[in-house]
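Working notes for the structure below.
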Amino acid sequence: MATLYRAASPDSLIVAPVDLLTAIYHRASGQTHLMASPAPEILDALAEAPLDAAALLAKLRADYDLVDADPAVLAARLDELVETGLVERR
Amino acid sequence: MRHVFSVAIGPVGFRVGSDWRGPVAALERLYASYPKPQDGIADFTVRLFADRPWRRFFRPKVMIGGDFVLPEAAPLSLEHGLLAAEMAMNLQMALGQRRYLLLHASAVERDGKALVMTGLSGAGKSTLAALLMTRGWRLMGDEFALLDPETGLIHAFPRLISLKNEAIAVMEAAATGGTFGPLLAETPKGAIRHLVPDTRSVAAMFEPARPALILFPTFGHEAATREVAPSEVFVRLTQASTNYVALAERGFTALTRLVAGTPARAIDYPDTESAIAQVEALWASL
Amino acid sequence: MGVALDGHLLARALADPASVATLDSAGWQALLTMARAELLSATLAHRLDGIAKPVAAQRFLDDAKASCAQGRLVALWEVEMARRALGDLGVPVVLLKGSAFIAAGLAAGQGRFVGDLDILVPRAELDRVEAALLGAGWEWVKPDPYDDAYYRRWMHELPPLIHRERDRMIDVHHTILPLTARPTPDADALIADSIALPNGLHMLNSDDMICHAAAHLFADGDLSGGMRNLWDIHRLVDDFGIAGLAERARRHGLASAVRRALRLSHALYDTQLPDGWARSGSDDDLYLRRLTARDGWGRQTRPITRLAFYVRSHWLRMPPLMLARHLWTKWRKQAG
Amino acid sequence: MDENTTDRQANEPHPTRRRALMLGAATASVVISIRPALAQTSASVLTCEIPVPDAGRAGMYVAADGSLVPNGTKDAFPGATKPFKAEDVRTALNGGTLPGTTYEQSRAYTAYIRRLQHGTAGFTCFASLQMPRG
């Protein structure tokens, strides 16, 4: 079975768009992250339910005009979010 | 401890114990006009002590202790005991302050609004604040500005102004009639002389002010003023704060609110006169 | 003030919060400073909830609570990250000490400052646990070959690991006392009888938690931080009682350590004692002198007593010949 | 930035118009995590020192890459007799030479200092020199 990615629940996050960057406070970890697109959008896409990488890519394509739908790049983005603990692999 | 001194600096109470009379005598003279901690209970305790009994007398070395310590602190000579006390009080704030978001910044106030200046040591934020004090501004603090997460207001922390090297002569000329501490030569940070904030700044130390401008000064270039992107202000202020992470959600809320509501500029300045003019011009344009 | 200016001041305030009514400002200052130095300031804050106190004291204690709440969040996050790293190994992972108290929501966790994350795993699984942690961003703290060999051969834990991003340490134990110590707790029973938490991790059962706290206090340390350790024990006894404790302590070879811990906790905090345990040990007074060696400036006092317990702590951990070898190696390194 | 930060739920309605989105380059980073600036101001509140090596490992030599090796190791340097002041280390990190050392020796010591970790003597002091200042 493909790995599922689960994002921190929306009520555990405080999101403050700053300018091009978005500041996110994660209540569970006490950490602040400053992130550029597409990280906030990925968190948003995973907010409702955990998805595997392919389903996530499909959802991003549906929600946005996705310029570069490259699975390898999405994997790199997800790795970064997993590292912060904002996304969990299951 | 043998010699004891206590003082309130803005909303924070300190108690200093010392193995020697000297540092306490200097503190008593310079902080003479300051109130004592509320209820006689200090928020932080500082200890100046000899690490071996004979070090009280023989080549005395002042060790810095207190509620919060850094393990690698180097001792100072007894002549620099006042500096040791000041550094130890600052250290308690840097490591132990949990009520206010602590910004490593100087702050001055006019018309109930605060100008907050932060930057590299050597950028002149301390000297600029002291100079502005001599020109009609109220000094809120030359080292730390305290942001209240509940109200978004800046609280004053007007400890002794710590003048270093060239700034000493500048302020001796500008603050005629001011009360100065002894000249401390050849400290680990160079020459240091403390200046007592003026009467008005001390008298108003419990009055907070709404932040109106955040300034990042840099010394040594042609006069210039730039806008600073909010995200850059945000990151720089997290790094100018020793307790941002420790304040958790309160810190985040306080800082995002500050950044959203306060204009920020970076200024380059070739000399202090230009800097003062740039500050006044910016302030007038708000 | 009429109150002895040592740790008894703090002990009395914790055990009998109403007693602070007699404090003057100097007494409050001493109490608060001591509590901070013993890492008990947030515990004190919770104990003194609802008790009248000066405004400045209230503010001090509120700050301590807020600081502790943030520390708790960070500690729980470390627990969660360890769960993510180790959850799929199929290995029982038992949280120890403060992390367990707060993860399980115990009274002992209220106001408890938590430092490193301590976990217990079966000795046979150490290699897999180590590999999983290294794969998830933890790194060795010290690359020193002697210390490393020493740890692996003699200690009850892996050399400490630190997470490269989060700067937090984890101690991975396979039992609760060094292999060189004389009592040898039954590590298999600790794990077999541990209690599962909702997140899939475990904690020791209550008797074992008390045994561990006592073992840590007497067989493994020089009693620094002992007031907090005994407070843990006091709260655990309060919460869970002492019905099976004596039996369990015997099984781990910790009967005398646990009896002593409870006697001292009784002396400081009025902890309830099983029948027949009240008779004080010959040197309990010496232990109490060590435990309460703290003055109103937050300084440690009674250096001779402290030194005696320091030497004792090394003595207990190592057989004499090994102690000599250890001190020799350390000395050689100093001497270069 | 909004005047008031809001919870994510309330904050982001699904886009009514399709917005362009780029995943970017695989090697780029899109998240900065704020780390504690614990010691950031300590350089200004305190003078600190860094022993090379720390007392627990006194007597070991420092190799060119900064690792600690047994004493007498060829091409490695004995530890420094006195701890270095923060200011001296700052200068050395910016390309200068530590006082009382040769060029190679200073390089080795600086490499050691760069490898300091949490829990080792000198780490907090080093960390205070590392923080972005500005």
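In what follows, chains carry the letters A, B, and so on, assigned in the order in which the sequence lines appear, proteins first and then strands, with residues in each chain numbered from 1.
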Next on the checklist: Quick check: do Leu23(D) and Leu60(A) have side-chain heavy atoms less than 4.5 Å from each other?
Outcome noted: yes

Checklist entry - Of the options Asp68(A), Leu66(A), Asp65(A), Val73(A), which is the one that meets Met22(D) in a side-chain contact (heavy atoms from CB on, under 4.5 Å)? => result Asp68(A)

Checklist entry - What part of Leu57(A) lies closer than 4.5 angstrom to a heavy atom of chain D: side chain, backbone, both or neither? => result side chain

Checklist outcome for this item: Looking only at Leu21(D), Ile34(D), Ile32(D), most heavy-atom pairs under 4.5 Å shared with chain A are made by Leu21(D)

Checklist entry - Is Met35(A) close to Val31(D) at the side-chain level, that is, under 4.5 Å between some pair of heavy atoms? => result yes

Next on the checklist: Applying side chain to side chain contact (heavy atoms under 4.5 Å, CB included), can you list everything that pairs with Pro78(D), at least two apart in sequence or on another chain?
Outcome noted: Tyr61(D)

Next on the checklist: If I measure from the heavy atoms of chain D, does Ala75(A) come under 4.5 Å with its side chain, its backbone, both, or neither?
Outcome noted: neither

Item to check | Beyond-backbone contact of Pro38(A) with Val30(D), side-chain heavy atoms, under 4.5 angstrom | outcome: yes

Checklist entry - Under a 4.5 Å heavy-atom cutoff, which of His33(A), Glu83(A), Arg77(A) has the most pairs with chain D? => result Arg77(A)

Item to check | Contact origin within Thr32(A) toward chain D - heavy atom pairs under 4.5 Å | outcome: both

Checklist entry - How many angstroms lie between atom CD1 of Ile24(A) and atom OG of Ser33(D), to the nearest 0.5 angstrom? => result 10.5 Å

Checklist entry - For Gln31(A), is it the side chain, the backbone, both or neither that has a heavy atom under 4.5 Å from a heavy atom of chain D? => result neither

Checklist outcome for this item: Most contact-rich option vs chain D, by heavy-atom pairs under 4.5 angstrom, among Thr84(A), Leu34(A), Asp79(A), Asp70(A), is Leu34(A)

Checklist entry - Counting only heavy atoms not in Arg61(A), do more than 12 fall under 6.0 Å of its CZ? => result no

